[in-house]
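Please read the structure below before turning to the comments.
Residue numbers begin at 1 in each chain, while the letters A, B, ... track the order of the sequences.
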Number of protein chains: 2
Amino acid sequence: MLRLYDNHLSGNGYKPRLLLAHLGQAYERVEVDILKGETRTPEFLSRNRNGRIPVLELEDGTCLAESNAILFYLAEGSRFLPSDPLARAISLQWMFFEQYSHEPFIAVARHWIQHVEMTSAQRALLPEKREGGNAALTVMEGHLRDGNWFGGDAMTIADVALYAYTHVANEGGFEIERYPAVRDWLARVQEEPGHVPMEPASEGVIAPTKS
Amino acid sequence: MLRLYDNHLSGNGYKPRLLLAHLGQAYERVEVDILKGETRTPEFLSRNRNGRIPVLELEDGTCLAESNAILFYLAEGSRFLPSDPLARAISLQWMFFEQYSHEPFIAVARHWIQHVEMTSAQRALLPEKREGGNAALTVMEGHLRDGNWFGGDAMTIADVALYAYTHVANEGGFEIERYPAVRDWLARVQEEPGHVPMEPASEGVIAPTKS
């Protein structure tokens with residue numbers, strides 16, 4: 001059975017949880033406490049040298065890191081990953097956008113505000129995080145004025161990747177009401193059959209029903 | 001003919017340039033001056049709302065952004081992108097690593113040191129950039145002690161993506177001599193038939209010879 005090393009607060013962990021729910025794929029979920037340093041133990045580093053969750057462990061023990069690479073692997077052959085090469089590349093474009101221009105601002109601001117005692121250096125960087133996050137939301141808003149989804153005519157892994165931290169952007173101090181097309185897209189993702197919320201995520205075997 | 005909107009100082013732009021050289025694929029190269037704001041004009045934003053190079057424009061006018069998504073698209077069907085789904089996902093894992101855990105430290109430190117007048121805020125962040133960049137190089141060093149390449153048994157787009165800024169990491173103040181396996185891998189990439197250096201990159205039609 002697939003095993004997912006995960007943290008219940010992580011949007012990056014939520015990405016594979018949400019896709020696995022849509023795929024109706026059973027897996028074992030292992031909670032890893034980031035704040036207690038559990039991603040820095042020799043055992044965890046043997047699964048991902050980069051010391052980050054999520055990590056997907058396959059039945060043969062092969063470990064795959066990076067949330068968006070995990071999405072790409074899991075979605076192969078499903079309706080969440082187009083087969084056309086250009087459509088695939090466009091989904092990947094949005095997933096790289098998410099990791100470079102969106103997550104480092106929106107997810108990091110949320111993490112600082114919600115989960116840690118902010119240092120003065122972090123506090124000083126918050127305006128830059130706000131600016132970068134709002135720039136990313138503006139890019140998304142522009143795209144969604146022309147189309148309902150990011151990777152094509154239906155929901156793909158690009159939407160899963162972008163949904164994870166956008167739907168909790170308010171926890172990072174972002175006003176999603178300023179982006180009505182983004183707000184409507186969040187509702188579309190939530191209305192897809194098989195949708196599961198970010199929390200609570202239980203430990204042990206998760207066996208979703210295929211939508 | 002393919003058209004690449006590019007900047008000659010950019011490692012992200014160098015990625016498709018290097019892959020196109022290996023593929024023997026002709027293209028038109030358009031230099032975009034980032035420092036003069038040419039990625040923020042309405043015309044450029046119509047090609048990439050996110051206002052960044054590189055952008056690959058296909059013959060039908062479709063534009064694809066994000067260097068690593070461009071690599072994935074161009075490499076389809078070639079020896080630089082494995083066909084096995086797990087091998088593809090592992091290549092993508094390293095490419096997402098590159099954009100999240102490598103480029104924001106190594107490329108940004110290089111950019112600040114080499115190409116702009118550093119602000120005091122940037123100068124204060126340099127130690128953090130050093131630390132993050134060295135962490136990324138340490139992850140690469142660990143991987144390369146066990147294998148010659150990142151995406152499999154031969155050079156793939158994962159190597160192209162990681163090579164772009166690693167081979168100029170010294171320009172960001174990183175000591176590559178501290179990472180002998182990385183240094184040897186850099187030499188392997190350079191010795192691949194068809195390799196081209198980062199500069200000089202001329203404008204107009206580039207017609208490489210297939211290696």
| Among A:Leu125, A:Val139, A:Leu45, which has the most heavy-atom pairs under 4.5 Å with chain B? |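 The residue among A:Leu125, A:Val139, A:Leu45 with the greatest pair count is A:Val139.
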| request: Pick whichever of A:Phe72, A:Phe96, A:Tyr73 has the most heavy-atom pairs under 4.5 Å with chain B. | output: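 Counting heavy-atom pairs under 4.5 Å, the top option is A:Phe96.
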When heavy-atom pairs shorter than 4.5 Å are enumerated against chain A, which of [options] gives the highest number?
options                            : value
B:Thr62, B:Ile70, B:Leu86, B:Asn48 : B:Leu86
B:Ala136, B:Ala135, B:Ala89        : B:Ala89
B:Arg88, B:Arg52, B:Glu128         : B:Arg52

Examine whether an atom of [X] lies under 4.5 Å from a heavy atom of chain B, and if so say whether it belongs to the side chain, the backbone or both; otherwise answer neither.
X       : result
A:Leu71 : neither
A:Phe97 : both
A:Ser91 : neither
A:Gln99 : both
A:Leu58 : side chain

| said: For the CG atom of A:Leu81 and the CG atom of A:Asp84, what is their distance to the nearest 0.5 Å? | reply: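 So the CG of A:Leu81 and the CG of A:Asp84 are separated by 10.5 Å.
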| So, A:Ser78 side chain and A:Ala75 main chain: donor-acceptor pair closer than 3.5 Å or not? |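 The answer is yes, because a donor-acceptor pair under 3.5 Å joins these two groups.
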| said: Is it the case that atom CD in A:Glu131 sees more than 12 heavy atoms from other parts of the structure closer than 6.0 Å? | reply: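 Atom CD in A:Glu131 is not crowded, with 12 or fewer foreign heavy atoms closer than 6.0 Å.
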| task | Look at the rings of A:Phe150 and A:Trp185 and say which category their plane angle falls in: under 30° parallel, 30 to 60° tilted, over 60° perpendicular. | result |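 Because their plane-to-plane angle is over 60°, the rings of A:Phe150 and A:Trp185 count as perpendicular.
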| Is any side-chain heavy atom of B:Arg17 less than 4.5 Å from a side-chain heavy atom of B:Ile206? |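 When only atoms from C-beta onward are counted, B:Ile206 and B:Arg17 do not touch, as no gap falls below 4.5 Å.
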| message | If I measure from the heavy atoms of chain A, does B:Glu76 come under 4.5 Å with its side chain, its backbone, both, or neither? | response |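 Just its side chain gets close to chain A.
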So, [X] versus [Y]: side-chain donor-acceptor pair below 3.5 Å or not?
X        : Y        : value
A:Glu103 : B:Tyr100 : yes
B:Arg110 : B:Tyr165 : no
A:Asn12  : A:Ser10  : no

